[in-house]
Amino acid sequence: MTAATGRRTVLVLMAVLTTVLSGCASLPSSSAPQAIGTVARGPVAEELPEPAPGREPSLLVRDFVKASTDPTDRHAGARQFLTPEAADRWNDGAIAIVVDKIDVLEESRTDDSIEYTIRANRVGQLDTGGQYRAEQGSFETRLTLVLRDGQWRIDELPSGVVMDRTQFLGSYQRRSLYFVDPTGTTLVPDQRWIAATQDRMADTLITLLQAGPRLSLEPAVRNVVNGLTTAQAITKADGRPTGVGVGPGGVRIDLGGASPLDGATRTLLAAQIVWTLARAEVSGPYVLLADGVPLDPEFPDGWTTADLAEFDPSAVAGTDVGLHALRNGSLVRVGSNGVTPVPGFFGTVNTMRSIALSTDGTLVAAVSDTGRPAPAPPDALLIGSYGGSAFPVAEGGTITRPTWGPDRDAVWAVIDGSAVRRAVRDPATGQVSLTDVESSEIAELGGQITELRLSRDGVRAALIVDGAVYVCVVVRRADGTYSLREPEAVAAGLASAALSLDWSTGDTVVVARAATDIPIVQVAVDGSRLDGLPSRNLTAPVVSVDATPSTTYVADSRAVFEIDDSDPASDRYWREVPGLTGARSVPVLPG
């Protein structure tokens with residue numbers, strides 16, 4: 001585009017902005033991940049310790065903390081380190097705290113008694129039902145050891161369990177329960193940490209499904225399993241009671257109280273159970289009964305994930321839309337034949353600061369430079385059709401990168417660092433209305449929102465507030481408006497300010513941070529893990545990230561790069577996307 005054309009575009013945009021900003025407008029037809037911060041690289045296979053004869057007392061304390069990660073039989077392994085009296089008194093169910101960088105400091109000592117202080121970094125808490133809650137701060141407690149029959153044993157200790165982070169990651173498995181989104185079309189993950197053996201996994205997961213989602217998620221999802229019971233013991237598909245969930249043989253579950261459910265609800269029930277078990281490596285077929293008879297007569301011999309493929313949590317809408325990019329202020333399509341400008345307004349102008357495509361690729365939202373002198377707002381939020389024209393719907397001093405949820409007719413953005421707005425297109429009339437999203441709980445964080453990205457299921461949002469990463473729940477209220485609730489910090493060990501983020505999967509966020517050593521990290525939605533991606537070929541700063549479950553795209557100071565998560569660990573590195581080198585480019589995926 002010529003300079004004259006660019007000037008004409010700015011003038012046209014300025015003219016439109018002065019006449020249309022009222023809230024309603026007409027819209028026309030590598031190497032392995034590297035762990036950083038407070039969470040270790042990954043689970044470690046290491047047997048939990050037992051009291052060793054003659055063990056030095058400070059080491060015995062450390063062994064006790066490690067052994068406390070095994071909850072079997074009310075932490076029977078850890079109770080071996082206690083005197084019989086302390087073992088009887090110890091309330092191991094009071095609280096479970098996860099720590100790292102443990103120091104064991106001797107406070108006082110006699111011939112038969114020692115008092116120790118344990119100091120550590122507090123990184124998380126494991127709540128009821130395996131719910132992990134990330135934390136940040138210091139931890140301190142005291143233990144008293146006594147000499148019994150020539151061996152040191154713990155005689156006084158506080159209620160609750162303290163777990164070493166590395167041992168916790170090695171002893172517990174991260175699994176997802178799946179609940180139903182408000183539209184009844186998508187499954188929403190709820191991460192849990194489980195210490196059950198594989199032959200108890202199915203029983204444990206079904207029990208947790210029956211108990212329902214975590215409290216913060218409850219207003220945003222539906223649990224079809226709620227109120228149902230397991231009428232009989234869970235067995236293999238052929239009725240064998242042993243080895244359930246181990247190897248082939250499937251699973252048989254008789255759901256008491258399911259008989260009154262209609263056909264659509266039974267399908268959602270099957271989807272919740274089948275995908276929860278399948279993702280936990282409990283193999284099918286999944287024979288589901290409703291009060292003794294097949295849940296669905298079409299599947300008397302059991303369901304498979306293929307029968308419920310429409311609910312696949314890893315499926316991504318918009319894959320046929322393909323990769324796009326914002327290059328030098330214009331929208332371009334990246335294809336096998338090179339990079340080409342898209343038709344219409346968004347591929348013609350060169351004033352765009354950020355841009356987003358709807359999940360089906362038919363609509364575009366962008367933040368554009370208005371070209372107007374101060375004190376007029378410099379940013380405008382535009383919505384238009386792919387290949388067509390566009391209209392401004394809002395303006396402000398700053399507007400975040402737009403984000404589309406699963407509803408292709410609604411786009412979200414944050415204006416002036418605090419006002420979360422939702423622009424909704426009426427598909428029948430083409431009218432666009434602008435509504436506020438209630439976000440008082442985000443405002444209480446006291447910072448500026450510089451990024452907001454909706455998850456693909458629309459039930460969560462990831463935000464950057466003053467450089468910190470938060471995940472909150474998106475709740476649709478009875479009057480049809482939305483609110484953002486329960487923001488939780490999920491990247492306590494990030495160390496550097498977050499610059500950009502996007503959802504990789506329903507339970508993982510990819511974050512670009514202001515660091516030169518490991519600029520890209522993956523963060524678990526519950527804050528339990530923080531893993532660095534390879535940094536080979538990247539040149540800081542990395543200013544933008546866009547992701548799918550299989551591929552992550554970033555823009556650094558030189559070009560746009562991609563990394564394939566399916567590549568072998570030894571061959572994972574960032575590859576340049578052809579046609580986007582040497583230009584101001586950022587990747588653009590639907591959503």
Side-chain angles (χ1 to χ4, degrees), residues 35 37-127 130 132-172 193 195 197 492-493 528:
T38 62
V39 178
R41 178 180 300 244
V44 293
E46 183 179 336
E47 289 190 9
L48 294 172
E50 297 179 354
R55 187 69 160 164
E56 199 278 324
S58 65
L59 297 179
L60 187 91
V61 171
R62 291 183 180 273
D63 290 346
F64 166 72
V65 173
K66 291 180 180 180
S68 297
T69 58
D70 182 1
T72 304
D73 296 331
R74 297 181 59 241
H75 293 89
R79 290 180 191 271
Q80 298 178 85
F81 294 81
L82 312 182
T83 63
E85 299 84 0
D88 289 339
R89 294 192 307 266
W90 184 36
N91 178 12
D92 60 317
I95 192 173
I97 300 168
V98 183
V99 300
D100 73 353
K101 299 181 180 178
I102 298 172
D103 285 328
V104 179
L105 307 173
E106 184 177 309
E107 298 292 343
S108 62
R109 184 170 188 148
T110 66
D111 290 342
D112 57 4
S113 176
I114 308 175
E115 185 176 10
Y116 284 107
T117 294
I118 297 177
R119 290 177 184 160
N121 290 336
R122 184 169 180 150
V123 298
Q125 180 171 314
L126 194 65
D127 293 332
Y132 187 95
R133 179 152 44 93
E135 295 181 336
Q136 188 173 23
S138 59
F139 172 81
E140 182 173 309
T141 192
R142 291 200 174 194
L143 304 176
T144 299
L145 277 67
V146 296
L147 195 61
R148 290 285 180 88
D149 299 324
Q151 303 296 325
W152 290 101
R153 292 294 182 264
I154 299 169
D155 190 51
E156 294 183 13
L157 73 167
S159 297
V161 174
V162 179
M163 294 186 285
D164 174 75
R165 172 202 65 189
T166 302
Q167 290 294 324
F168 166 73
L169 292 173
S171 299
Y172 284 73
W193 286 88
T197 56
S528 59

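Position 1 is the first residue of the sequence, and the numbers go up from there. When reading the values below, keep in mind they use all heavy atoms of this one structure, side chains included, and skip hydrogens, waters and symmetry mates.
Heavy atoms only, all atoms of each residue included: Ser68 and Ala78 are closest at OG-CB, 3.8 Å. Between Ala52 and Gln151, the closest heavy-atom pair is O-OE1, 4.1 Å. Closest non-hydrogen pair, Leu60 versus Trp152, comes out as CD2-O, 3.1 Å. Among all heavy-atom pairs drawn from Pro158 and Thr141, the shortest one is CG-OG1, 3.0 Å. Of all the heavy atoms in Val99 and Arg122, the pair that sits closest is CG1-CA, 4.2 Å. Nearest heavy-atom pair across Met163 and Tyr172 is SD-CE1, 3.9 Å.
A heavy-atom distance below 4.5 Å is found between the side chains of Glu106 and Ile114. Looking at Asp63 and Arg55, their side chains come closer than 4.5 Å, going by heavy atoms from C-beta outward.
Listed for the Trp90 side chain is a donor-acceptor partner under 3.5 Å among the backbone atoms of Gly160. Not a single donor-acceptor pair under 3.5 Å links the side chain of Asp73 to the backbone N or O of Ala76. The backbone N or O of Arg74 lies less than 3.5 Å from a partner atom in the side chain of Arg79, making a donor-acceptor pair. The main-chain N or O of Lys66 is found under 3.5 Å from a side-chain atom of Thr69 such that the two form a donor-acceptor pair. Checking side-chain atoms of Arg62 against main-chain N and O of Ile102 turns up a donor-acceptor pair under 3.5 Å.
Here the CG-CZ distance, from Leu105 to Arg142, works out to 9.5 Å after rounding to the nearest 0.5 Å.
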request  = Please lay out, stage by stage, how Tyr132 and Phe168 fare under the test side-chain contact (heavy atoms from CB on, under 4.5 Å).
outcome  = CA-CA 11 Å; Tyr132 187 95; Phe168 166 73; 3.9 Å; yes

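Heavy-atom neighbours of Asp88 CG from other residues, nucleotides or ligands within 6.0 Å: above the threshold of 12.
Classification of Arg133 and Asp127 as a salt-bridged pair holds, one side-chain N sitting under 4.0 Å from a carboxylate O.
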